[in-house]
Amino acid sequence: MLELDELRDLLEGRRGNLPVEKVDVETAIQALLAHQIIYPDTSLLRREIYDLIRRHSTFFERYFGAMGVGIVIEPPTGMIALVRGQNRYGWQFSRLKKDETLVLLALRVTYDEGLRAGLMDEVGRVETNTDEIFDRIRTLAKADPPIESRLEEILKSLRRRGAVLLHDADRVERLTPVTVLPGIGILVDDVFTASVVKWVELGAPEEFLAWSARERDLAVAPDKAGPSSERQRLDPGEASSDV
C-alpha cells in the first residue's frame, strides 16, 4: 500500500526529511485514535508528537484515509481532529445517554454564543463554568441537569476527547471553571445540533437516541433524506459533519 511506502520514507528519512522514530509515529496514530481531537497543549501528549502530525500531515491524512476516516487540521486554533468518512461501521457502536446529549448541546450553544459575542480568546476558546452549564440545560431542555458528580464525569470524558478543559474548582462559589474548545464543533456539528433541538421540542424522550437515520435526516433536511430505514443510535462521531 502507498501508505506503507510513505511510512518507510518517514522512518528512513527520505525525500530530504530527517528520519522519524517509529515509536513517535505509533504514538501520534494512537493519540488521535484515543482522543479524536488534539491541540498543542493536549495533556500528556508531547509537543513533538503534535508537531510530527502537522509536519507530515499528508502521511497521516492518507493513513487515516485508508481506514475510512478523515483528518482536519485547523491552524488558527491548533486543532487536529479525526472526522468520520462515509463508512460508518466503526463509529456506530458508541452510545450517547440523555444527560451526555444535553451537556454536549449546552456546550455547543455556549461556544456559539461566545463566538458571536467576541468572547473567545486568540485560539478560539470560550470560558464558562458548571453553574452556567446547569442553567443552560434547564433553559434549553426544560429538564433537570445531571447531578454534580455525573456532570463532572461527563466533562472529564469530553476533556479526554478534546472538547473542554477543566480547571480547579472554586470552593467558595461551588463551581468549576470550564474552557470550551473548538473541538466541540466536531463532536456537535450543525446536523447533530438540529436533531437534538428537534428532540427537545418533542419533550426529550429517552427513545430519541434510537431514531432511525432517515427520521433524523427528515428532522433536519426533509428534502435531502435518503431511503435508508436502518435503525442506529446517535454517537459522538455522528456529531461531526465530516465524521
Side-chain angles (χ1 to χ4, degrees), residues 36-37 77 79 81 94-121 124-167 169-170 173-213 215-222 232-243:
Q36 184 180 351
I37 305 165
T77 65
M79 181 180 72
S94 298
R95 302 292 185 260
L96 279 182
K97 296 181 179 178
K98 179 177 178 178
D99 55 2
E100 294 170 328
T101 304
L102 292 174
V103 171
L104 280 167
L105 179 61
L107 291 171
R108 172 62 194 267
V109 171
T110 297
Y111 188 76
D112 287 351
E113 290 184 355
L115 292 183
R116 286 195 295 269
L119 300 178
M120 68 287 190
D121 64 14
R125 302 179 177 188
V126 174
E127 301 299 327
T128 186
N129 59 63
T130 48
D131 265 8
E132 292 180 358
I133 295 171
F134 283 133
D135 290 342
R136 287 195 181 279
I137 291 175
R138 292 189 187 98
T139 301
L140 292 169
K142 305 298 189 294
D144 291 332
I147 62 174
E148 185 175 351
S149 59
R150 173 59 177 160
L151 176 61
E152 181 180 357
E153 178 185 341
I154 295 171
L155 290 174
K156 284 182 177 178
S157 173
L158 293 175
R159 176 180 61 186
R160 179 181 64 81
R161 300 190 64 202
V164 298
L165 293 176
L166 302 181
H167 306 286
D170 186 325
E173 298 293 334
R174 296 180 61 84
L175 57 79
T176 300
V178 178
T179 301
V180 188
L181 303 177
I184 194 66
I186 296 291
L187 299 183
V188 189
D189 74 348
D190 293 341
V191 172
F192 182 94
T193 303
S195 296
V196 176
V197 169
K198 179 66 175 179
W199 169 57
V200 170
E201 291 173 352
L202 294 175
E206 295 288 348
E207 290 303 307
F208 171 79
L209 296 184
W211 270 16
S212 71
E215 287 168 330
R216 187 172 67 250
D217 290 341
L218 283 171
V220 180
Q232 64 181 39
R233 295 175 181 268
L234 286 175
D235 63 78
E238 289 181 323
S240 168
S241 57
D242 297 308
V243 175

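Any value given below was found using the heavy atoms of this structure, including those in side chains, with hydrogens, waters and symmetry copies removed.
Considering only residues two or more places apart in sequence or on other chains, R150 meets the salt bridge (Lys or Arg N to Asp or Glu O under 4.0 Å) condition with D99, E100, E153. M79 pairs by the side chain to side chain contact (heavy atoms under 4.5 Å, CB included) definition with I37, Y39, E74, T77, A81, P182, I186, not counting sequence neighbours. Residues passing the side-chain hydrogen bond (donor to acceptor under 3.5 Å, both in side chains) test with E113 are R136, sequence neighbours excluded. In terms of the side chain to side chain contact (heavy atoms under 4.5 Å, CB included) criterion, residue partners of D170 (sequence neighbours excluded) are, by chain and number, V172, E173, L175. Applying the salt bridge (Lys or Arg N to Asp or Glu O under 4.0 Å) criterion to D144, with sequence neighbours excluded, gives no partner residue. Taking the salt bridge (Lys or Arg N to Asp or Glu O under 4.0 Å) definition, one finds that E152 meets it with K156, sequence neighbours left out.
When side chains are defined from C-beta on, V178 counts as touching T130, because their heavy atoms get closer than 4.5 Å. In this structure the side chain of L105 never reaches within 4.5 angstrom of the side chain of I137, judged on heavy atoms. Side chains of P145 and R138 form a contact here, defined as non-hydrogen atoms less than 4.5 Å apart. No side-chain heavy atom of L102 sits less than 4.5 Å from a side-chain heavy atom of P146.
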**Prompt:** Stepwise, does the side chain to side chain contact (heavy atoms under 4.5 Å, CB included) test hold for E148 with L151?
**Reply:** CA-CA 5 Å; E148 185 175 351; L151 176 61; 5.8 Å; no
**Request:** Check step by step if side chain to side chain contact (heavy atoms under 4.5 Å, CB included) holds for H167 and T179.
**Result:** CA-CA 8 Å; H167 306 286; T179 301; 2.6 Å; yes
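Counting only distance, with no hydrogens or angles, the side chain of Y111 and the backbone of M120 share no donor-acceptor pair below 3.5 Å.
Between L155 and V164, the closest heavy-atom pair is O-CG2, 3.5 Å.
Note that OG1 of T110 and CD1 of I184 are 9.0 Å apart. Values are rounded to the nearest 0.5 Å. The CZ atom of R161 sits 13.0 Å away from atom CG of L181, with the distance rounded to the nearest 0.5 Å. Here the straight-line distance linking atom CG of D112 with atom CG of L107 works out to 11.0 Å at 0.5 Å rounding.
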